Amino acid sequence: MSYDHKAIDAKWQKRWEDAGLFNAKDDDAREKFYLLVEFPYPSGAGLHVGHPRSYTALDTIARKKRMEGKNVLFPMGWDAFGLPAENYAIKTGNHPATFTQTNIDTFRRQLKSMGFSFDWSREFSTTDPAYYKWTQWMFLQFFKAGLAYKAEVAINWCPKDKCGLANEEVIGGACERCGTPVEKRLKSQWMIAITKYADRLIDDLATVDYLPKIKKQQEDWIGRSEGAEIDFALCHPSSHIVISSAARDLIDGVPPIVGMTEKITVFTTRPDTIFGVTYVVLAPEHPLVASLTTDEQRESVDAYVAASTKKTDIERGDDTKEKTGVFTGSFVTNPANGEKVPVWVADYVLGHYGTGAVMAVPQHDERDCAFAEKFGLPIVDAPLLSFDEAVTKTGGKKTVQYKLRDWVFSRQRYWGEPIPLVDCGACGWVAVSDADLPVELPNVEKYEPTDDGESPLATIDSFVNTKCPQCGGDAKRETDTMPNWAGSSWYFLRYIDPKNDTAFASKELLKQWMPVDLYNGGMEHTTLHLLYSRFWNKFLFDQGLVPTSEPYARRHSHGLIMSDDGTKMSKSKGNVVNPDDIVGEHGADTFRVYILFMGPFEEPVPWSSNGVIGVRRFLDRVMRMEELVKSEKRPEGVPSEVEGAQVKSPEVIRALHKMIAKVTKDIDGFSFNTAVAAMMIFVNEVYVAGSIDKNSLATFVKVFAPFAPHVANELWEKLCMDGFAEAQPWPVADASLAADDELNIAVQVNGKLRGTVTVPADIDEATLIATAKESPTVAKYLVSEPTRTIVVKGRMVNFVL
RNA sequence: GCCGGGAUGGUGGAGUUGGUAUACACGGGAGACUUAAGAUCUUCUUCCCGAAAGGGAUCGUGGGUUCGAGUCCCACUCCCGGCACCA
């Protein structure tokens with residue numbers, strides 16, 4: 001017999017919704033628990049089986065937490081700005097909002113069909129003007145605090161998407177979305193000074209409970225290294241050294257040089273190797289390159305710099321290729337020993353890191369060594385100083401450098417939040433006043449970026465031309481939009497107070513609900529969304545707008561669901577599993593339990609259609625347990641007046657309490673696969689016993705409810721119990737009822753298993769040893785008296801001869 | 001190259017602070033029920049030898065520590081992820 005999943009799924013989903021069972025309560029004496037899953041981008045393809053892995057796991061936790069008496073906030077919404085909707089709009093001419101709305105409706109229907117206990121009353125989309133009003137408002141707080149600034153920078157440019165990319169969106173030198181190699185392009189962009197928070201973003205990791213690999217990845221991405229800046233004076237400062245301000249601005253991260261420069265400042269983490277310096281290298285972008293180049297060398301240096309700037313990051317980053325470079329003709333003095341060393345230009349030195357100049361120590365650095373060998377530069381074996389000695393001797397200063405760069409916040413696209421700033425000839429960049437927020441996206445005829453790489457908003461005169469909020473004069477709006485990471489950087493705050501139109505959320509409610517107690521998401525967001533949102537929250541905290549410095553108390557992460565052949569599911573390969581098919585054919589609970597059972601939550605696991613069928617069989621078995629209540633045979637000696645259904649089997653009771661203990665522990669430890677196995681073992685025990693009393697079955701149903709809520713409630717109702725299964729308190733295991741009265745003890749001779757003995761659980765050691773010795777399979781190996789006997793309580797006896 | 005994480009039956013995976021390796025499930029075999037199929041139930045299923053009793057081997061490879069190692073240590077091979085000329 002197979003249960004009717006379609007009827008049962010629909011019946012309980014409707015009842016939950018009608019009862020508002022999963023809505024979080026704002027004024028509630030119970031302890032709060034805020035669970036968060038990454039809200040999806042509602043793509044046209046619909047929900048992928050990968051999405052629900054995270055949702056199912058946290059839904060199970062949410063349901064258990066409610067049963068444990070917590071006031072649970074478990075919301076869902078839509079991260080809906082982004083390129084796919086825009087590309088669709090470009091192709092079809094339809095507004096991306098229409099497409100997005102259709103997709104949201106599909107996603108919502110799919111999520112509801114799985115019975116997730118989201119609080120749908122708090123749903124919103126980042127594309128709602130009532131939401132992005134506050135995204136814009138927050139951007140203005142960055143702007144007013146001086147953390148948002150416009151800069152002419154060499155940005156990562158994707159020629160296919162015609163769009164600038166943040167450092168974090170470039171994977172191996174290629175566009176994260178389309179894989180096109182990114183180019184460098186000089187562009188005026190809005191930046192946010194995330195680097196100002198670099199130290200806190202690292203140091204505060206000590207205050208949160210993240211998986212170690214997540215912490216590590218964030219630390220490495222921020223890439224703090226401690227070293228020193230050391231000046232190398234020019235040997236022949238000449239009057240032709242003039243630094244144009246334009247040249248200085250070319251370099252991101254290099255502070256403007258004041259006055260005449262007669263030195264090169266390098267950054268090194270190894271000042272102790274200063275005596276081994278045999279040359280100094282400037283990045284091709286370094287502002288001193290032009291002025292340091294002598295007339296004899298000018299032609300070759302100019303050609304080299306021109307060639308380097310044309311290279312993509314992939315070409316330049318290829319460290320397997322031979323090093324290239326060229327001599328400038330100038331020399332500097334080693335401040336430690338007065339030695340004269342040549343200055344070279346080479347693109348293995350990066351313009352954006354440190355000072356864009358390095359002291360080369362071929363003896364201690366592989367790259368310097370390769371370069372020195374290629375160009376015949378000396379390699380000297382010199383004595384080492386201590387770090388501090390070296391800094392003092394060279395007159396250098398200790399500094400810290402980061403790999404993290406400021407966040408490029410401008411996108412030249414349509415489907416994003418407009419940056420709410422206007423450019424006034426008289427006042428410069430001015431914030432749109434709060435009363436005029438949101439700056440809504442205007443309708444455009446063409447959604448494509450312009451050929452010179454401007455946002456399509458630039459073509460809408462009625463949008464662009466405006467008045468300055470400060471002086472009232474003619475001004476022009478910024479036409480760039482925000483990256484799609486903007487809306488997701490603070491969405492966890494909006495769930496707390498989603499309808500508020502006077503603030504992004506009320507302070508009282510923020511204080512009540514923050515921080516997020518448990519946040520689960522993909523590892524791929526560790527250096528993007530997770531870092532951005534931590535930074536964003538820290539900034540709001542500094543502004544006194546949110547109550548906690550860290551947004552997420554705990555961060556966990558799930559593995560990918562792979563195709564059954566172990567490769568990634570992809571549309572092009574046609575091996576994508578549609579959750580609708582599984583839910584339609586086997587029901588929501590089969591889908592949920594399979595997702596949890598298929599493998600360890602943190603690991604990637606292949607999808608198996610057979611595994612799904614196995615889970616469905618299990619659910620059918622669970623549903624049929626009800627028959628075992630009615631058909632129980634009364635054991636010998638039990639008086640007839642005891643109601644048959646209430647006769648308790650000690651084996652079942654013991655199995656029940658073992659199962660409760662195991663499942664409780666496993667949910668808390670994210671071991672959902674073994675929790676499911678524990679419930680299967682219990683059900684198997686019940687079938688072996690051939691009967692179960694009603695109370696025990698009801699207890700099982702409560703434990704089962706967070707995993708398979710539809711089947712659990714149906715069974716709950718069949719047992720004539722009142723209310724919802726998930727409205728019951730979470731069962732507590734009784735250790736005394738779970739304890740075995742007899743134990744199987746392994747008996748070893750010289751560490752080799754030679755037999756087992758079954759003994760009473762409370763046996764004393766001497767009796768146990770005696771029993772073990774007499775065991776027939778063991779006795780024959782005991783050719784002499786043991787020199788040593790090792791007893792592990794409740795487990796084994798080992799005789800050492 | 002550097003930094004993480006892995007490697008357990010035909011398959012996905014369990015394996016406590018070092019203490020009966022292979023739980024649970026899939027797949028497969030045999031049987032019951034059925035006109036039959038499916039479903040369900042019973043049962044076997046790490047490998048090798050053996051009719052069985054039993055014995056031997058086994059957690060990527062090779063060493064080590066220990067009464068005892070999947071688990072700890074050393075070296076190596078392969079796989080997955082992250083970073084990648086960051087001085």
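As the structure is a prediction and not an experimental result, all values here were calculated from the model. Every chain is numbered from 1 and lettered A, B, ... according to where its sequence line falls, protein lines coming before strand lines.
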- Item | side chain to side chain donor-acceptor pair (under 3.5 Å) involving A:E651 - partner list, sequence neighbours excluded | A:S649
- Could you check which nucleotide pairs with B:rU66 in any of the strands shown, counting Watson-Crick or G-U wobble with both distances under 3.5 Å? none
- Message: According to salt bridge (Lys or Arg N to Asp or Glu O under 4.0 Å), who are the partners of A:K398, at least two apart in sequence or on a separate chain?
- Response: A:D388
- What pairs with A:H556 under side chain to side chain donor-acceptor pair (under 3.5 Å), at least two apart in sequence or on another chain? none
- Note on the structure: In whole angstroms, the gap separating P of B:rC24 from CZ of A:R616 amounts to 23 Å
Restricting to nitrogen or oxygen on both sides, can you table the protein-nucleotides 41-48 of chain B pairs closer than 3.5 Å?
from   : atom 1 : to     : atom 2 : distance (Å)
B:rC41 : OP1    : A:R621 : NH1    : 2.6

- Query: When we call it a touch if two heavy atoms are under 4.0 Å apart, what does A:V281 touch: a base, just sugar-phosphate, or nothing?
  - Reply: nothing
- Using a 90° cut-off around 0 for syn, call B:rG50 syn or anti. anti
- Rounded to whole Å, CD1 of A:I790 lies from P of B:rA69 at a distance of 12 Å
- Query: When all nucleic acid strands are considered with a 4.0 Å heavy-atom cut-off, which category describes A:G614: base, sugar-phosphate, or nothing?
  - Reply: sugar-phosphate
- Partners of A:D381 by salt bridge (Lys or Arg N to Asp or Glu O under 4.0 Å), sequence neighbours excluded? none
- Could you check which of B:rA23, B:rU20, B:rA87 has an atom nearest any side-chain atom of A:I681? B:rA23
- B:rU42 pairs with, by Watson-Crick or G-U criteria that keep both distances under 3.5 Å: B:rA30
For nucleotides 3-11 of chain B, give me every protein contact, N/O to N/O, under 3.5 Å, one pair per line with atom names.
from  : atom 1 : to     : atom 2 : distance (Å)
B:rC3 : O2'    : A:K216 : NZ     : 2.7

- Message: With side chain to side chain donor-acceptor pair (under 3.5 Å) as the rule and sequence neighbours excluded, what pairs involving residues 597-613 of chain A come up?
- Response: none
- Note on the structure: Which of B:rC83, B:rG12, B:rA87 is nearest the side chain of A:D365? It is B:rA87
- Message: Looking only at the side chain of A:R617 (C-beta and beyond, no hydrogens), which of the listed nucleotides B:rG13, B:rC26, B:rA23 gets closest?
- Response: B:rC26
- Item | Candidate nucleotides B:rG13, B:rC26, B:rC83, ranked by approach to the side chain of A:N610 - the nearest | B:rC26
- Atom-to-atom span, CG of A:L596 to C1' of B:rG13 - whole angstrom: 15 Å
- Query: Are a donor atom and an acceptor atom from the side chains of A:T526 and A:Y210 found within less than 3.5 Å of each other?
  - Reply: no
- Query: Who passes side chain to side chain donor-acceptor pair (under 3.5 Å) against A:D220, sequence neighbours left out?
  - Reply: A:K216
- What's the shortest heavy-atom distance between A:V663 and A:V703, and which atoms? CG1-CG1, 3.6 Å
- Task: Would you mind building the protein contact string for nucleotides 52-57 of chain B? One character per nucleotide, 5' to 3', B for base within reach (heavy atoms under 4.0 Å), S for sugar-phosphate only, - for untouched.
- Result: ---SSS
- Task: From the options B:rA87, B:rG12, B:rA14, select the nucleotide whose nearest atom is closest to the side chain of A:F597.
- Result: B:rG12
- Query: Does a nitrogen or oxygen in the side chain of A:R788 sit under 4.0 Å from OP1 or OP2 of B:rC67?
  - Reply: yes
- Using a cut-off of less than 4.0 Å, is there contact between a side-chain N or O of A:N684 and OP1 or OP2 of B:rA25? yes
- Please state how far atom CZ in A:F672 lies from atom P in B:rA14, giving the value in whole angstrom units. 13 Å
- Task: Mind checking side chain to side chain donor-acceptor pair (under 3.5 Å) for A:Y781 and listing every partner two or more places apart, or none if nothing turns up?
- Result: A:R754
- Message: Distance to the ring centre below 6.0 angstrom and angle to the axis at most 45 degrees; does that hold for A:R616 and A:Y3?
- Response: yes
- Message: Counting the atoms with a prime plus P, OP1 and OP2 as sugar-phosphate, which does A:S225 contact under 4.0 Å by heavy atoms, base, sugar-phosphate, or nothing?
- Response: sugar-phosphate
- Task: Assign each of A:M598 and A:N750 to its nearest nucleotide of RNA chain B by heavy atoms, then name whichever residue's nucleotide is nearer the 5' end.
- Result: A:M598
- Query: Do we see a donor-acceptor contact under 3.5 Å between the side chains of A:N520 and A:S54?
  - Reply: yes
- Query: So what does A:F618 hit on the nucleic acid, given a heavy-atom distance under 4.0 Å: a base, only sugar-phosphate, or nothing?
  - Reply: nothing
- Message: At 4.0 Å (heavy atoms only), tell me whether A:P600 reaches a base, stays on the sugar-phosphate, or touches nothing.
- Response: sugar-phosphate
- Item | Selection: residues 792-801 of chain A, any non-hydrogen atom under 4.0 Å of RNA chain B | A:V792, A:R795, A:M796, A:N798, A:V800
- Query: Which base sits across from B:rC2 as a Watson-Crick or G-U pair, both distances under 3.5 Å?
  - Reply: B:rG82
- Query: For the base of B:rC83, is there a side-chain donor-acceptor partner from A:K403 under 3.5 Å away?
  - Reply: no
- Going through the checks in order, is the side-chain contact (heavy atoms from CB on, under 4.5 Å) test met by A:V747 and A:F799? CA-CA 8 Å; A:V747 185; A:F799 298 110; 3.8 Å; yes
- Item | Of A:F267 and A:T756, the one whose closest RNA chain B nucleotide lies more 5' | A:T756
- Pair listing, salt bridge (Lys or Arg N to Asp or Glu O under 4.0 Å) test, anchored in residues 777-800 of chain A, at least two apart: A:K773-A:E785
- Taking atom types as modelled, is there a side-chain donor on A:H529 or A:E38 under 3.5 Å from an acceptor on the other? no
- Task: Test A:I681 against A:M659 for side-chain contact (heavy atoms from CB on, under 4.5 Å), laying out the working first.
- Result: CA-CA 8 Å; A:I681 291 169; A:M659 183 273 297; over 6 Å; no
